[in-house]
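Residue numbers begin at 1 in each chain, while the letters A, B, ... track the order of the sequences. Model, not experiment: these values are computed from the prediction.
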Amino acid sequence: METGEIPLETLPGGFDLQATVESGQTYVWSREDDRMFEDTLAHGGDAWYSTVVPEAVTGGAPAVVRARQHDGRLEWEAAVDAHDHLVRLLRLDDDLDAIMAATPEDPLLDAAFDRYRGMRLVRDPSFPCLVSFICSAQMRVSRIHGMQERLAREYGTPVEFDGATYHAFPTPEQLATATEVDLRDLSLGYRAPYVARTAEMVATGEAHPDTARSLDYEDAREFLTQFVGVGEKVADCVALFSLDFLEAVPLDTWIRTAIADHYPDCEGGNYAETSRAIRERFGGDYAGYAQTYVFFHLRTGGET
DNA sequence: CTCGGCCCTGTCCA
DNA sequence: ATGGACAGGGCCG
């Protein structure tokens, strides 16, 4: 096992591991203490979290990475040198101070940024991100998380680490072997055929979410909606949480409520129009950061 | 392009 | 105990 630590005090804008991985933007991390991801962060912030870096990223075997925030450092244990993986997955390369400075002054944004100072966006591997947000339709955080764990256990490559067995998220090829009925048995409900079809599309080479990286933001969102089960909202989630489009603002029910209550002039006739207006209001290039803070602030009972 | 009906399922609450 | 509302949408006509 390799170990290491990343000092956090010099990191611009700081870091909050628990808020980052439990805020509903990523479903590839789990708590080592097996506590569920709840709707609020009730359980203290120095727990160990783990993820399995997929083979598509390592270029070799999937690699278990474990990390916890403790005493001003991000400590890690892994099968490989995990430093670069952690920087990439947890966006430790973002200058959070600069991002907040580039975001307009606004009572709601200020309150949201204050409440979870140090929370960062994530940079998930694209296929797991795509599948988990297809599963997110009309679903709570803890249940989405449960679905992803069942998919990994059932179809993912088992990986031994530190005396325990972990499971990588299934590759497109592995997941494409699942039938709609198989996935309904894992409680995916009406999302089962969407996941099966999308896995098949990626496995056969019909389309890959990474292709959207080379497009302009709005074209990328449009490109991503070709996957079955992916509308504009889910496409925005994949663009923001995996493909580095930090300007993407997923219009979920929480943000729609915030728009109605705080920015009614941003309500356009359709998704694209509203999205453009609120993106502008949130400062443009890093509007997705503002969205994620506001979303989490409101979802966890923040005053409006 | 917009609209409404419909979809699985666990949890919460009357 | 038990039924209806609800939860971070998308598909189809």
| task | Among B/dC8, B/dG10, C/dG9, find the nucleotide with the atom closest to the side chain of A/T253. | result | C/dG9
| said: Check this for me: does the side-chain of A/R191 come within 3.5 Å of the base of B/dC8 through a donor and an acceptor? | reply: yes
| task | Identify the nucleotide, in any strand shown, that forms a Watson-Crick or G-U wobble pair with B/dC13, with both distances under 3.5 Å; if there is none, say none. | result | C/dG3
| query | Looking at side-chain heavy atoms only, is the closest gap between A/V294 and A/H262 below 4.5 Å? | reply | no
| field | Gap between atoms CH2 and P, on A/W254 and C/dG8 respectively (whole Å) | value | 6 Å
| message | Taking pairing as Watson-Crick or G-U wobble with both contacts under 3.5 Å, can you name the mate of B/dC8, or confirm there isn't one? | response | none
| Mind checking whether A/W48 and A/D33 have side chains closer than 4.5 Å, heavy atoms only? | no
| field | P gap between B/dG5 and C/dA5, integer Å | value | 14 Å
| query | Got a donor-acceptor pair under 3.5 Å from the side chain of A/R299 to the base of C/dG8? | reply | yes
| field | Between C/dG9 (P) and A/L224 (CG): distance, integer Å | value | 18 Å
| request: Looking at every strand, decide which applies to A/G229 at a 4.0 Å heavy-atom threshold: base, sugar-phosphate, or nothing. | output: sugar-phosphate
| query | Looking only at atom P, what distance separates B/dC3 and C/dG8, rounded to whole Å? | reply | 24 Å
| said: Could you tell me how far apart A/E273 (CD) and B/dT2 (P) are, to the nearest whole angstrom? | reply: 9 Å
| said: Expressed as a whole number of angstroms, how long is the span from A/H145:NE2 to C/dA7:P? | reply: 22 Å
| message | Quick check on the 6.0 Å ring-centre criterion: do A/F282 and A/Y263 meet it? | response | yes
| Roughly, in whole Å, what's the span from CD1 in A/I144 to P in B/dG10? | 15 Å
| said: What is the separation between atom CZ on A/R256 and atom P on C/dG9, rounded to the nearest whole Å? | reply: 10 Å
| Taking only N and O in the side chain of A/R184, is any of them less than 4.0 Å away from OP1 or OP2 of B/dC8? | yes
| task | Please confirm whether A/F133 and A/Y27 have ring centers closer than 6.0 angstrom. | result | yes
| request: Measure from the side-chain heavy atoms of A/F133 and tell me the nearest of C/dG8, B/dC8, C/dG9. | output: C/dG8
| request: Record whether the side chain of A/Y194 comes under 3.5 Å of the base of C/dG9 through a donor-acceptor pair of N or O atoms. | output: no
| request: Return the nearest nucleotide to the side chain of A/F295; candidates are C/dG8, B/dC8, B/dT2. | output: C/dG8
| request: Round to the nearest Å and state the distance from A/E180 atom CD to B/dC7 atom P. | output: 14 Å
| field | Nearest-Å distance once atom P is located in both B/dC6 and C/dG4 | value | 16 Å
| said: Is any side-chain heavy atom of A/S275 closer than 4.5 Å to one of A/Y217? | reply: yes
| said: Nearest whole Å is fine: how far is B/dT2 P from A/E232 CD? | reply: 9 Å
| query | Would you say the side chain of A/R143 and the base of B/dT9 hold a donor-acceptor pair, judged only by whether the two atoms sit under 3.5 Å apart? | reply | yes
| query | In terms of the angle between their ring planes, are A/F169 and A/F127 parallel, tilted or perpendicular, with boundaries placed at 30° and 60°? | reply | perpendicular
| message | Here's a test of your reading of the structure: between A/F241 and A/V230, which maps to the more 5' nucleotide of DNA chain C? | response | A/F241
